[in-house]
There are 2 protein chains.
Amino acid sequence: MSQTVDRALSILPLLAEGPADLGQVADRLGVHKSTALRLLRTLHEHGMVYRQSDQRYRLGARLIALAQEAMENLDIREIAHPHLVRLNEQCGHTVHLAVYEEDEVLYIDKVESRYPVRMYSRIGKPVAITVAAVAKLLLADLPEHERRALSDKLDYPMYTSRSTPNQEAFLKELAKVREQGWATDLGGHEESINCVAAPIRGADGRVVAAMSVSAPNVVVTADELLTLLPLVRRTADDISGEYSGRTSAKNPV
Amino acid sequence: MSQTVDRALSILPLLAEGPADLGQVADRLGVHKSTALRLLRTLHEHGMVYRQSDQRYRLGARLIALAQEAMENLDIREIAHPHLVRLNEQCGHTVHLAVYEEDEVLYIDKVESRYPVRMYSRIGKPVAITVAAVAKLLLADLPEHERRALSDKLDYPMYTSRSTPNQEAFLKELAKVREQGWATDLGGHEESINCVAAPIRGADGRVVAAMSVSAPNVVVTADELLTLLPLVRRTADDISGEYSGRTSAKNPV
DNA sequence: CTGGGTGGTTGCATTAGCTGCAATGCTCAT
DNA sequence: ATGAGCATTGCAGCTAATGCAACCACCCAG
C-alpha cells in the first residue's frame, strides 16, 4: 500500500540473512543507492538496524526489544507458563507453547528438558508447519476455506521419511487431528524426536494455542511418550479453563 | 529522514504498549485516520502487525521471528552459549550474556538458575543501564566522549537505595570498573539480588559483550557470590579467547 | 425498526516529499 | 601518489503520500 514503507520493511528480512552493505541492500531492493541509504537511515533512527564497525548494516537491538514486548503482551503465554513449568516438573521433557498467526505457527514459550539431550528450537522461531504436532492442531481448527487456501500455498519438505509428503496427506492428517483432539509428531521433523500435543481453547471453543511435550528416542520411546498424553491434555484443558474464565482478558489472541 | 517510514515505525513501539485501534493510532501519530490505515496495512502485509478479532492491531508474528533471526546472527552468542551452560552447571545460578548497542544494553542469552527462586529478566529486554553489572562493564569500555554523552542523557532512577544516584557517581563507578576489569551489582536493581560480571573482549581488546552470574540473597550472600568471581572471569576469558581466535568471524559485534 | 453514533474504508485533487541522477568526499590498496 | 570502490549530498522532477469528505457497516437506544 505504501511504497516507501514497503521498501523499508523489505530490508529487514534481507538483513536477517546476514549483514549487508548499502550497495547490496540497494540492489536487492531494486532502488538507487541514495534511496536505500535514506531508508536505512530511517530504520537506524528507530533502532531497527544497526551499523557495525565495518559500515555494514544488520538488524538492531530495538527490534529484539520490541519482539520481547510483543510476546509479553500475549496473555495466553502468561497464563500458560506456570502450567508448562509444572508439566515439565512432572515429566522432565521439553514443553512448548505455540500459536498460529497469518500462515505461520510459532513457539512463544518453552521450558527446557531436564535431560542432557535437548532438542533444538527457539522461542520466536517459526515451526515446521506441515509436521509439527502443535501446528497440526492449530491448522486443523481453521475454517475450511482458510485451511484449504493455506495447504495450497505450503511446501511439503521431506525433513525425514516420515514427514507429511503432500497436501492430500496433510489435509487427511488434519481431519484426523481435529477428530481426536490431539496430535503427535513421530519423527516427522527430526528423525529421532517425537512429540505429543494438545490444544488450548478459548471460551468459544476455538483453538487459541497448542502445547506439546517433546523428547528424543534415546530418552523415551514413542510409546512411552504417548503414555503422557492424558497428562498433556489435562494440562491443556486447565490452561483453557483459566484462559476462558478470565473475564478481564484484554488481549484475545 | 523519510517521513512515511518514520511514521510507520513509530507505530510499533506504540503497539508494544498494548493493542490499539485505528483511531488511537492515528491520534498518537498525529495523522489522519486514512493515513494511519494505509501505514497499518503496509505493516500488516509484512506481518509486523496483526489484526485481532476485535479489529484492533497488535505487534505481529513476523516481528518476533525477525528478532529471533537477529539474535541467531550474533555469533558471540553462539560461541558463548556452551560456556554459559557450563558455568551454570558449576554454580547453579542464573547466568546472563549482554551486549551494548546504540545507548542500550540488552540481554541476548540467559541460562536459568537451578534454584527455585529465580530472578525476573528476559532475553531481549533492555537492561537497567545505570546499575546492572554487565551494563557498567560495557559502558566503561566506551570511548570517553561517547561515555560522557550517554551518561548525560541517562536518567538515574533509584530502583533501590543502592542504585547509582547520578551521573557523577556513575562515571566514578565506571572508572573503577574499567580499572579492575570486573563489576558487581549489589542490590542496586532489585533489593535482594546481587550480580558479579566480567567482560568478554574481541581480538582488539575492546569489550564486545559481558556476562554475569546473579543470585538472590536468600540463596547466597553477596560475599559468597563474590567467591565465584574468579570462575566468572575465567569463563569470560575463555569466551574471549574463542571469539577472538576465530579468524572466520563473519559478524563482528 | 429506525435514526444516529461510532469506527473503518474508499476516491480524489493537491502538493509534500520521495526518487534517481550526478557530483563530491572519503578510505583503502596498489 | 593514484585510482577504484563505496558512502554521501544537493537538486530538479514528478511520483506517490496526504487529508478531506463521502460512504459503508455495525451497534445500540429510543
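Quick note on labels: first sequence line is chain A, next is B, and so on, each numbered from 1. These numbers were taken from a predicted model, which means no experiment stands behind them.
The backbone N or O of H81(B) sits nowhere less than 3.5 Å from a side-chain atom of D109(B) that would complete a donor-acceptor pair.
For the pair L43(A) CG and dC18(C) P, the computed distance is 13 Å after rounding to whole Å. Between L39(B) atom CG and dT9(C) atom P there is a gap of 14 Å when expressed in whole angstrom units. Going from atom CG of L37(A) over to atom C1' of dC6(D) covers 11 Å, rounded to whole Å. L40(B) has its CG atom 12 Å from the C1' atom of dG8(C), to the nearest Å. In this structure, L22(B) atom CG and dT10(C) atom C1' are separated by 13 Å, rounded to whole Å. In this entry the distance linking CZ of R7(A) with C1' of dA17(D) reads 13 Å, nearest Å. Nucleotide dT27(C) holds its C1' atom 17 Å from the CZ atom of R56(A), rounded to whole Å. For the pair R51(A) CZ and dA7(D) C1', the computed distance is 7 Å after rounding to whole Å.
Along DNA chain C, the nucleotide nearest D21(B) and the nucleotide nearest Q3(A) are compared for position; the residue whose nucleotide lies closer to the 5' end is D21(B).
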*Are E17(B) and R28(B) close enough, and set up right, to give a salt bridge (charged side-chain N to carboxylate O under 4.0 Å, His left out), and what steps lead you there?*
CA-CA 12 Å; E17(B) 295 168 21; R28(B) 296 272 311 258; 3.4 Å; yes
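A donor atom on one side chain and an acceptor atom on the other are found under 3.5 Å apart for D152(B) and Q167(B). In summary, the side chains of Y57(A) and R51(A) do present a donor paired with an acceptor at a separation below 3.5 Å, with no hydrogens or angles considered.
Aromatic ring centroids of Y156(A) and F170(A) lie under 6.0 Å apart.
Side-chain N/O atoms of R38(A) and base N/O atoms of dG20(C) include a donor-acceptor pair closer than 3.5 Å.
Close to dC18(C), at under 4.0 Å from its OP1 or OP2, lies no side-chain N or O of T4(A). For dT10(C), the OP1/OP2 oxygens have a side-chain nitrogen or oxygen of R41(B) closer than 4.0 Å.
Note that CD of E69(B) and CD1 of I64(B) are 13.0 Å apart. Values are rounded to the nearest 0.5 Å.
Of the residues in residues 27-34 of chain A, those with a non-hydrogen atom less than 4.0 angstrom from any atom of DNA chain C are V31(A), H32(A), S34(A).
Taking a cutoff of 4.0 Å between a charged side-chain nitrogen and a carboxylate oxygen, R148(B) and E144(B) qualify as a salt bridge.
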